[in-house]
Amino acid sequence: MNVNPLAGALGAELSGVNLSQTLSPEVREEMLDALHQHLVIFIRDQELTCAQHHAFAGNFGPQIEHPFTKGLDEWPEIIEIIRSPGEAYSWDSKFHSDLMFLEEPPMGASLYAVEVPPYGGDTMFVNMYLAYETLSDGMKKLLSGLRAINHSGSPANYATPGAMTGKQGEAMEASHPVVRTHPATGRKALFVSPGFTRRFEGMTDEESRPLLDFLCGHALRPEFSCRFRWSPGAVAVWDNRVSLHRAVPDFFGEVDRYRRVMHRVTIGGDRPV
Ligand code: SIN
């Protein structure tokens, strides 16, 4: 297996693996190492059935259902993220770590490109270790022990008018440490996002906003990011504990007439510490 870094901050393309087959323990270990080192790994030119994609994601942990977006009938843990031609794209277009409003947010996800436009509709990722490590000692001290409330927003936001079906449910929130430690690497990472973090525990939204705005603005510096251009059959797996991501809805002009269809399997995780 070859591992080619994509950017200075995070991301690596892997080649020489066939994800439709059961991975040997050695290859699985190499992939996990690459994920821990690069935070998001990309593997192009795969041809996966739903069963094969589901099984591949299971190498990283248990596949879980999305609380608000309905999965495929036969594969409830696979959600189909569809952007139809001409549609105002609203799903996942703010930087976030998936499902931060759960008590045990996912450790990661596997995203498979079923149908993608010839250009446009990339996905961006951010390294939250770097976001933490580049803060001053004073700021690190201020953040240690702080917790933040992460809120789902309206469950209706997890469906789209024509394509993606939502599930009934109440909005959810969870309190998590603002700085979390990765269980395998032992490194600390910032754990807030513009998508979900509302306030610090014990403070109002207004009191929290200036510091949250600073932290999110700092984390989203371009030098902490990478951007992946999709091709049909490409797969991305990200470590959701220490990275943020978002889709880029740049469907301007000609590219607006294309559909974009992605299959995502969410991988269960632990309570952040
Ligand atoms: C996601 O946020 O899970 C999907 C991102 C994308 O569609 O690029």
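First listed ligand is number 1; within each ligand, the first listed atom is number 1. Values below: every heavy atom of this structure, side chains too, minus hydrogens, waters and symmetry copies.
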Original post:
Should the proximity of H245 to ligand 1, defined as any heavy atom under 4.0 Å, be assigned to the side chain, the backbone, both, or neither?
Top reply: side chain
**OP:** With heavy atoms only and a cut-off of under 4.0 Å, state how W238 meets ligand 1: side chain, backbone, both or neither.
**Re:** side chain
[X]-[Y] side chain donor-acceptor pair, cut-off 3.5 Å:
X    : Y    : result
S84  : R259 : no
R264 : T266 : yes
H182 : R241 : yes
Y129 : S243 : no

Original post:
Going by the order shown, which atoms of ligand 1 are within less than 4.0 Å of some heavy atom of A247?
Top reply: 6 (C), 7 (O), 8 (O)
Subject >> Separation of S152 OG from F196 CZ (nearest 0.5 Å) >> reply: 7.5 Å
Original post:
Which one of M262, H96, R260 has a non-hydrogen atom at the shortest distance from atom 7 (O) of ligand 1?
Top reply: R260
Taking N or O atoms only and a 3.5 Å limit, does [X] qualify as a polar contact for ligand 1?
X    : value
D122 : no
T123 : yes
R264 : yes

Original post:
For the ring pair H245 and F95, is the centre-to-centre distance below 6.0 Å?
Top reply: no
